[in-house]
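Below is one structure, written out as structure tokens; comments come after it.
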Amino acid sequence: MKKSNLIPAVAAAGAIAIVLAGCSTPSSASDGDGTSEVTISYASFVDEKNPHSLAFQEWADQVTEATDGAVTFEPNYNGSLCAAGEIVACVGTGTADMGFTSAAYEPSLLPITMFGTIGVVTNDAQAQADAGTALYEESEELQAEFEGQGIRLMFNTPAAPNVLASAEEFADLDALNGSTIRAAGEAAIALERLGVSPVNMAIAEVYESIERGVVSGIQTSIDGISSSRLFEVAPHIYDVGEYMGNGVLLHTIINQDLWESLSPEAQDAMTAAADDVGGRFVADFARAGAESDCTKIIDAGGTVQPIGPSEDGVAWAKAAQDDQITKWVKDASGAIDDPRALFDRFVELVEERESADDAFTPAGVCMEMQGA
């Protein structure tokens, strides 16, 4: 597995002086020798066992250790502090100091960053995340978009390729025609090509919506289905990611004012931990998480299976990507001078990092465990 080397990994040793510079969002106190201590709140819409949460927890532990306990963290999971779809605003205004989100949940706030929701770019999820971070580091327009919301990117992690979980069985891709599926980001455009009516709603609302028949199912990742226990109401899970490739980029963000208030040593500790943890997310978190998620799904009677025919799936994915790019270019045109050039650069950065040996999907893990 290749690791990103985009952010300088500067080791932070010894106690660090954290200068708050008038930022009152995090709680802080002096330890009596001039060194300030700060507790940073973190908001996530997934649970604490989700692979992305485990990655954040390891990142936070590394920062706390590197700062000799001067920087600590207070995580809030399951949308308890900020709901999905509100995390950018929550972090930008200081309701939370840090957060976990995707542009797919808040496209009007991050229209340029929606490039990270376009599928069929790669089957190497780690390469996708590392390339997304590289693009942010080199693109002033992407940085300006985040700064305009009062936030800064800390690191990216990749969502697993999409699967489609449904209360009803579908014999093939054609059978999806006429169904109503919850989908976020540009993935909704892909489903429209299959005759699906996509619905945008918070993942926390999906369980009851499927139970009541408001939607037939959801397109999301295996870990999202597991952590929300959606397999209880949507046990038929189809590997549409076989054709669509990568899932959406997910972003760990920090309040911009808070970031600027931290000392260079504290910032170095955070970026060093981000480079380490973000760069090995798939190897050390996603793979282990997939086995746990698949066990939970299979033990509850859920099944993960392919859906075809494959030639139709390949043709659908290519046409759907063209639709996704066209829409994203249109939506981002008011925010960036040359959207297509940015996307092409993203693809270049992915190709520089991807490896066929690093292709991995949780759906594949589930099917192996089922003996499919």
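Just the heavy atoms: all of them, side chains too, but no hydrogens, waters or symmetry mates, feed the values below.
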So, the side chain of [X] versus the backbone of [Y]: is there a donor-acceptor pair under 3.5 Å, distance only?
X      : Y      : result
Ser80  : Tyr77  : yes
Gln324 : Gly119 : yes
Glu74  : Thr39  : no
Ser226 : Ile222 : no
Thr295 : Glu291 : yes
Asn246 : Ile118 : yes
Thr67  : Val71  : yes
Thr271 : Asp268 : yes
Trp328 : Pro111 : yes
Ser102 : Tyr105 : no

More than 12 heavy atoms of other residues, nucleotides or ligands under 6.0 Å from [atom1] of [X]: yes or no?
X      : atom1 : result
Glu168 : CD    : yes
Lys296 : NZ    : yes
Glu311 : CD    : yes

Provide the closest heavy-atom pair for [X] versus [Y] in the form atom of the first, atom of the second, distance.
X      : Y      : answer
Ile253 : Val88  : CD1-CA, 4.2 Å
Asn255 : Gly94  : ND2-N, 3.8 Å
Phe281 : Ala55  : CD1-CB, 3.8 Å
Met201 : Ser209 : SD-OG, 3.5 Å
Tyr238 : Pro306 : CD2-O, 4.2 Å
Gly302 : Gln370 : O-OE1, 4.0 Å

Worksheet item: What about Phe231 and Met367, same hydrophobic cluster or not, with Ile/Leu/Val/Met/Phe/Trp/Tyr joined at side-chain heavy-atom distances under 4.5 Å?
Response: yes
Worksheet item: Looking at Trp259, does the NZ or CZ of Arg152 lie under 6.0 angstrom from its six-membered ring centre and within 45 degrees of the ring axis?
Response: yes
Discussion item. Leu342 vs Ile112, test: side chain to side chain contact (heavy atoms under 4.5 Å, CB included). Steps then yes/no.
Written reply: CA-CA 9 Å; Leu342 184 85; Ile112 304 174; 3.5 Å; yes
Worksheet item: Passes side chain to side chain donor-acceptor pair (under 3.5 Å), Asp124 versus Gln128? Steps please.
Response: CA-CA 6 Å; Asp124 183 343; Gln128 177 204 15; over 6 Å; no
Worksheet item: Are Arg280 and Asp276 ion-paired here, with the side-chain N under 4.0 Å from a carboxylate O?
Response: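 Yes, Arg280 and Asp276 are salt-bridged.
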Worksheet item: With a 4.0 Å cut-off, would you call Arg345 and Glu138 a salt bridge?
Response: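 Glu138 and Arg345: salt-bridged.
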Response to the item:
Per ring-ring contact (aromatic ring centres under 6.0 Å, His included), Tyr42 is matched among Phe56, Trp59, Phe100 by Phe56
[X]-[Y] side chain donor-acceptor pair, cut-off 3.5 Å:
X      : Y      : result
Thr133 : Asn156 : yes
Tyr207 : Glu232 : yes
Gln149 : Glu145 : no

Item to complete: May I ask you to test the Lys318-Val120 pair for a side-chain heavy-atom distance under 4.5 Å?
Response: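 When only atoms from C-beta onward are counted, Val120 and Lys318 do not touch, as no gap falls below 4.5 Å.
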Discussion item. Do Ile254 and Asp97 have side chains that approach each other closer than 4.5 Å (heavy atoms only, starting at C-beta)?
Written reply: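 No; the side chains remain at least 4.5 Å from each other.
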